[in-house]
Q: 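Following this message is one structure expressed as structure tokens.
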Amino acid sequence: MKHLIQDILKGKNLKDNLKRYKNMAVSAYSEYAALELTFSAYVMVQEIVEENQELAAQEKDIVNQILEALGMLGDGSAGTDPLIRQMKDLRREITDKMDVFTCYTDRLLVYEYVLNRMELTFLPEEELNQIFAAFDENRYMQQLSGYLFADRDQSVIREKLRLVLGQIPVHMTKGKFSQRVSEALTLYKDGDRRALEDFIYMIRTSAMVYEPAKYVGEYPAFETILHRLETADYTSMEEDLYHELADLLEEGARQIHEVTDFYYSLQKVVNCMYALCLMVPYQEKESRLVRGCRQVWVSLARKNYRDEMLEPLEGQIEDRLERTSYLETVLFDSRDSYRAELEALELTGFFEDAATVANLLSDSLFIDLASASREEKADAAYVQKRTRELLDELMQKLGELSRPVKRAVMGQVLDKLPLMFEKAEEVLEYIQVNLMGCQNKAEKCVVMMILQDLMDEDI
């Protein structure tokens with residue numbers, strides 16, 4: 001495989017090497033997809049049965065469709081084409097639902113930000129002063145500097161910076177905020193348009209300007225919680241209302257966590273079945289491993305599962321993952337660079353399907369397969385247009401919000417932007433000005449306590 005990959009990279013003997021590549025890829029992806037499907041379906045069935053999850057009617061329907069398809073894939077009673085169409089539909093439905101849950105989650109995060117900073121607001125002044133007096137600001141800043149910059153691993157430093165800076169109170173004009181967002185978007189100029197759109201989507205959900213196209217109204221419990229949080233007055237709140245909202249937030253977070261875990265589990269199974277169905281037509285002979293997996297799928301479709309089912313498969317997935325990862329080093333480039341050669345060899349369809357399979361089996365469970373198959377450049381004019389549109393939305397939204405919620409939205413958006421500091425001194429100055437200079441003593445204490453917990457965990 002190593003020599004084959006090197007020869008393809010060099011464009012050597014493509015007529016034979018691209019055919020050999022296809023045979024290796026069919027074997028590797030079929031077995032990897034079969035193993036992933038077996039373990040993922042086992043976990044899904046186990047969770048549904050053992051946790052006795054109470055599923056809504058529509059969720060039961062999705063589960064039943066997946067189990068029925070799994071059984072048919074196992075016993076070969078259905079062709080791959082109808083199963084592929086079914087997996088496409090299921091995948092689209094689950095993705096649309098996760099779009100709604102992403103929106104709900106980001107809105108809950110905004111109100112968590114607001115309520116966290118109000119935690120000490122209702123303490124008696126004397127008690128708040130005692131907490132505040134426990135911090136020596138000079139020593140605190142020295143400790144924080146050590147926490148942020150003592151590690152030699154730059155990735156660790158960046159992660160710590162993101163954790164800490166995401167907690168610092170936001171004291172920024174809307175003009176400065178717009179500038180930061182604009183600067184972040186310029187980094188996508190002449191890059192992949194899909195990457196730009198993914199980034200804008202993340203900003204829009206974080207800022208609560210994104211509205212899902214489907215399934216709004218299907219989860220009234222979540223929407224009731226969000227409505228209560230969105231209509232509360234955070235500028236003059238009584239303590240009883242604060243505790244009520246904090247409890248609501250906790251309940252909303254618990255429900256969101258459960259439902260997103262559930263749909264992640266379903267999507268993984270759907271992706272694996274979709275991937276395997278794409279590879280089946282290219283198989284000249286099915287491997288013994290895939291045949292063994294089929295027997296497990298039939299049992300799982302009936303909700304029958306036992307630990308010993310998986311014992312013959314343990315330790316095999318790592319080898320297939322390594323093989324597919326290696327094959328992917330030339331998959332997408334070959335598909336795009338050798339179009340004429342693939343057409344002549346009648347391999348164009350296979351390389352398109354293999355690229356789809358690679359995306360389906362990647363860590364990005366909800367990747368848009370249509371946009372992933374094409375790459376468009378985001379030129380300067382396109383970036384400018386999308387920047388103007390995004391800023392118009394953000395400014396309109398900020399104008400509708402009370403000051404505490406506005407600061408929370410800005411904080412959530414800033415947390416998604418690239419770090420703006422080049423030197424450690426600039427970071428510490430920013431913290432000194434925005435945290436130590438914070439005039440709201442209760443908020444300042446809360447943030448200092450949060451950061452202290454982070455530093456203590458690192459010891």
Side-chain angles (χ1 to χ4, degrees), residues 22-23 25-49 55 57-97 262-306 309-310 312-313 317 320 324 349-361 365-367 369-370 373:
K22 173 198 167 186
N23 293 333
V26 170
S27 173
Y29 276 118
S30 296
E31 293 193 344
Y32 180 45
L35 287 165
E36 277 283 12
L37 174 57
T38 304
F39 285 100
S40 299
Y42 187 95
V43 170
M44 179 193 77
V45 171
Q46 185 180 42
E47 288 177 349
I48 291 171
V49 174
L55 304 178
Q58 195 165 6
E59 291 166 347
K60 282 182 181 177
D61 179 59
I62 294 175
V63 169
N64 289 335
Q65 286 188 61
I66 291 173
L67 292 176
E68 183 181 7
L70 185 64
M72 290 190 294
L73 189 61
D75 62 23
S77 60
T80 55
D81 285 345
L83 284 177
I84 286 173
R85 288 193 294 272
Q86 185 182 17
M87 292 308 107
K88 281 183 178 179
D89 291 341
L90 282 172
R91 191 173 186 277
R92 190 180 304 113
E93 183 175 355
I94 295 170
T95 300
D96 287 341
K97 285 178 177 290
F262 171 74
Y263 278 108
Y264 266 103
S265 179
L266 299 191
Q267 186 81 328
K268 196 161 189 178
V269 174
V270 168
N271 281 1
C272 290
M273 282 199 283
Y274 189 175
L276 191 61
C277 287
L278 286 174
M279 284 291 101
V280 166
Y282 299 106
Q283 292 176 351
E284 294 182 2
K285 183 181 179 182
E286 191 170 72
S287 71
R288 187 171 64 179
L289 184 144
V290 175
R291 289 198 301 273
C293 288
R294 285 184 181 276
Q295 297 174 12
V296 181
W297 304 338
V298 172
S299 293
L300 291 174
R302 299 170 183 153
K303 296 185 181 179
N304 297 326
Y305 61 94
R306 303 177 308 280
M309 283 179 173
L310 304 181
L313 307 176
I317 200 166
R320 275 67 177 187
T324 57
F350 168 74
F351 270 78
E352 290 291 350
D353 285 342
T356 299
V357 168
N359 285 321
L360 284 167
L361 298 178
L365 294 183
F366 300 92
I367 189 171
L369 297 175
S373 66

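This chain uses plain numbering: 1 for the first residue, then up along the sequence. Only a predicted model underlies this, so the values are computations on that prediction, with no experimental measurement involved.
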Q: Using a strict threshold of under 4.0 Å (side-chain N to carboxylate O), is an ion pair present between R294 and E286?
A: yes

Q: Which atom names give the shortest non-hydrogen contact between V270 and M87, and what distance separates them?
A: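 Minimum heavy-atom separation between V270 and M87: CG1-O, 3.7 Å.
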
Q: Where is the tightest heavy-atom contact between R320 and A28, given as atom of each residue plus distance?
A: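 So the two residues come closest at CG-O, 4.2 Å.
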
Q: Is there a donor in the side chain of E36 and an acceptor in the side chain of Y32, or the other way round, less than 3.5 Å apart?
A: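 Indeed, the side chains of E36 and Y32 share at least one donor-acceptor pair under 3.5 Å.
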
Q: Applying side-chain contact (heavy atoms from CB on, under 4.5 Å), run through L70 and L300 and close with a yes or a no.
A: CA-CA 8 Å; L70 185 64; L300 291 174; 3.9 Å; yes

Q: Verify whether one side chain among D61 and Q65 offers a donor that lies under 3.5 Å from an acceptor in the other.
A: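 Yes, side-chain donor-acceptor contact under 3.5 Å.
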
Q: Can you measure from CG (L266) to CG (L90) and round to the nearest 0.5 angstrom?
A: 9.0 Å

Q: Backbone N or O of E352 within a donor-acceptor pair of the T356 side chain at under 3.5 Å?
A: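 It does hold such a pair.
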
Q: When rounded to the nearest 0.5 angstrom, what distance separates OG in S287 from CD in E31?
A: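 Those atoms lie 3.5 Å apart.
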
Q: Going by ring-ring contact (aromatic ring centres under 6.0 Å, His included), name the pairs with one or both residues in residues 282-303, residues two or more places apart or in two chains.
A: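 Checked against ring-ring contact (aromatic ring centres under 6.0 Å, His included) - neighbours excluded - the pairs reaching residues 282-303 are Y282-F350.
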
Q: Measure across I317 and L35 and return the closest heavy-atom pair with its distance rounded to 0.1 Å.
A: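 Nearest heavy atoms, I317 then L35: CA-CD1, 3.8 Å.
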
Q: Carefully, step by step, assess L67 and K303 under the rule side-chain contact (heavy atoms from CB on, under 4.5 Å).
A: CA-CA 8 Å; L67 292 176; K303 296 185 181 179; 3.7 Å; yes

Q: Using the rule given for side-chain contact (heavy atoms from CB on, under 4.5 Å), can you reason through Y305 versus L310, listing the C-alpha separation, both sets of side-chain angles and the distance that settles it, and then say yes or no?
A: CA-CA 9 Å; Y305 61 94; L310 304 181; over 6 Å; no

Q: side-chain contact (heavy atoms from CB on, under 4.5 Å) between F39 and L313: does it pass, once the steps are laid out?
A: CA-CA 9 Å; F39 285 100; L313 307 176; 4.0 Å; yes

Q: Test: side-chain hydrogen bond (donor to acceptor under 3.5 Å, both in side chains). Region: residues 268-277. Which pairs qualify, not counting sequence neighbours?
A: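 Listed by first then second residue: R91-N271.
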
Q: Would you indicate whether R291, at its atom CZ, is surrounded by more than 12 heavy atoms from other residues, nucleotides or ligands within a distance under 6.0 Å?
A: yes

Q: Evaluate the side-chain proximity of V26 to E284: yes if any heavy-atom separation is below 4.5 Å, no if none is.
A: no

